[in-house]
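Report on the following structure.
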Amino acid sequence: NDALIVGGKCANLGEMTKMGIPVPPGFAVSTAVYDAFLEVAGVGERIKRYIKEYSGNLDDIKNLNMFGYNLQKIVLTGEIPEEFTVAISEAYNKVCFRTGVTNLPVAVRSSGVAEDSATASFAGQYESYLNVIGKESVFESILKCWASAFSPRCISYRIHNGMDILSGSISVAVQKMVNTRSAGVGFTANPNTGDRKKIVIEGNWGCGESVVQGISKVDIYTISKEKLEIIDKQINQKTKQIVLLENGVHEVKVPVSMQLHPCLENKEVQRLAEIARNAELHYGMPLDLEWA
């Protein structure tokens, strides 16, 4: 019910936390902070002025790219008002204290309000930043998430859907980064056939970004929803993975010895399927869930 305040992603992370699903701890920077940033920092006025004065044809890809670049630059050079940096610092400190890690590595993830409405889907168009360490880096990443609302792709999407370029507010999830052994996506209906009696889990070594971005083949497990039995296993050659570095993430080769080795044990597959089934029962509709 808080999707208008914290966007679809954060609202659902909160919902799943409340259900008892293991969700990495974190906090949401609400849409009110983004809206105040546009107003108090004068960023919104600068954006409106630039849009009004711009005379180029945005159907031309070069113009669109430059237009988006200049709007993003306006956001990135804005300053988050101090009352909000204090509140964000306190929230970050709480998560650090809760996990017992100073300067906890976090994922800073965009959560758009218009991301999954009935008429528009911005899924995958706003940016997320992984393995962000320390408060200053968190502030920078929040600004980058906000700026991603003005990427050429997002601007083009708004124009073609008859939306105002400034429409849609953004929340940001700041969430404990999971140093994953393996990760991926689970579907509570077979995405290829629509069979709702099957759960399909796809996974790879390292972070789930490699699965979402499709940079490598993945292991695919099919599980019966009723009995949670593994019906089919496709263990593919996984050649690339995304791993955490000192700061940020990096694409690397999977060691040859691990390429044909399953990224999940059978009991892990069944546990993931059970969590996915419980989530579907709660929501009452087929879901896809990121897991680590």
Side-chain angles (χ1 to χ4, degrees), residues 1-35 84 87-101 104-118 121-124 126 128-130 132 138 141-142 145 168-180 183-189 196 199-203 207-209 211-212 223 225-226 228 267-292:
N1 296 329
D2 295 331
L4 287 176
I5 303 166
V6 294
K9 187 178 288 172
C10 290
N12 282 300
L13 287 168
E15 185 78 9
M16 290 190 292
T17 301
K18 206 163 65 173
M19 285 170 60
I21 288 176
V23 174
F27 60 93
V29 180
S30 76
T31 54
V33 179
Y34 172 75
D35 295 341
F84 296 120
I88 293 164
S89 293
E90 285 175 0
Y92 180 69
N93 286 340
K94 278 183 187 174
V95 184
C96 289
F97 179 76
R98 184 175 163 188
T99 54
V101 180
L104 177 75
V106 290
V108 181
R109 315 175 66 199
S110 305
S111 179
V113 168
E115 231 175 74
D116 293 306
S117 67
S121 175
F122 282 84
Y126 299 141
S128 289
Y129 298 90
L130 305 180
V132 176
V138 168
S141 298
I142 289 169
C145 284
S169 196
I170 303 180
S171 169
V172 178
V174 181
Q175 206 182 359
K176 178 185 181 292
M177 187 70 208
V178 182
N179 189 0
T180 56
V185 183
F187 304 91
T188 66
R196 292 179 66 167
I199 291 169
V200 176
I201 290 167
E202 299 183 353
C207 295
E209 290 292 287
V211 180
V212 176
I223 305 101
K225 194 179 288 181
E226 187 184 353
L228 297 178
K267 63 181 180 181
E268 292 171 332
V269 173
Q270 289 171 308
R271 177 70 182 120
L272 286 170
E274 184 183 25
I275 290 170
R277 184 178 69 180
N278 290 344
E280 184 185 65
L281 281 170
H282 177 81
Y283 281 95
M285 66 181 81
L287 303 170
D288 64 294
L289 302 102
E290 296 174 4
W291 60 266

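Numbers here simply count residues along the sequence, with the first being 1.
- When atom types are taken as modelled, the side chain of Tyr92 and the backbone of Leu104 share a donor-acceptor pair closer than 3.5 angstrom.
- The two residues Leu13 and Thr17 have their closest heavy-atom pair at O-OG1, 2.7 Å.
- For Val33, the side-chain contact (heavy atoms from CB on, under 4.5 Å) criterion is met by Val29, Ser30, Phe84, Trp146, not counting sequence neighbours.
- Applying the salt bridge (charged side-chain N to carboxylate O under 4.0 Å, His left out) test to pairs two or more places apart or on separate chains, none has a residue in residues 90-99.
- Counting heavy atoms from C-beta on, the side chains of Val95 and Val174 never come closer than 4.5 Å.
- Atom CD of Glu209 is separated from atom OG1 of Thr180 by 10.0 Å, given to the nearest 0.5 angstrom.
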Determine all donor-acceptor pairs shorter than 3.5 Å in which one atom belongs to a side chain in residues 279-290; sequence neighbours excluded.
residue	atom	partner	partner atom	Å
Glu280	OE1	Lys225	NZ	2.7
Glu280	OE2	Thr188	OG1	2.8
Glu280	OE2	Lys225	NZ	3.1
His282	NE2	Glu15	OE2	2.6
Tyr283	OH	Asn12	OD1	2.8
Glu290	OE1	Arg109	NH2	2.9

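- Every salt bridge (Lys or Arg N to Asp or Glu O under 4.0 Å) that Glu268 has, sequence neighbours left out, goes to Arg181.
- In terms of heavy atoms, Cys10 sits closest to Ser111 at N-OG, 3.1 Å.
- Here the side chains of Ser128 and Gln175 are not in contact, with every heavy-atom distance at 4.5 Å or above.
- Using a 4.5 Å heavy-atom threshold, the side chains of Tyr126 and Cys145 count as separate.
- Heavy-atom minimum distance, Thr31 versus Ser169: CB-OG, 3.3 Å.
- With sequence neighbours excluded, the residues forming a side-chain contact (heavy atoms from CB on, under 4.5 Å) with Ile275 are Ile21, Pro22, Arg271, listed by chain and number.
- Here the straight-line distance linking atom OG of Ser110 with atom NZ of Lys9 works out to 6.5 Å at 0.5 Å rounding.
- Considering every non-hydrogen atom in both Ile201 and Ala273, the closest pair reads CD1-N, 3.8 Å.
- A heavy-atom distance below 4.5 Å is not found between the side chains of Ile142 and Tyr34.
- Annotation for Ala107 and Leu130: closest pair CB-CD2, 3.9 Å, computed over non-hydrogen atoms.
- A search for side-chain contact (heavy atoms from CB on, under 4.5 Å) contacts involving Ala11 returns Ala3, Val6, not counting sequence neighbours.
- In terms of heavy atoms, Val185 sits closest to Trp291 at N-NE1, 3.1 Å.
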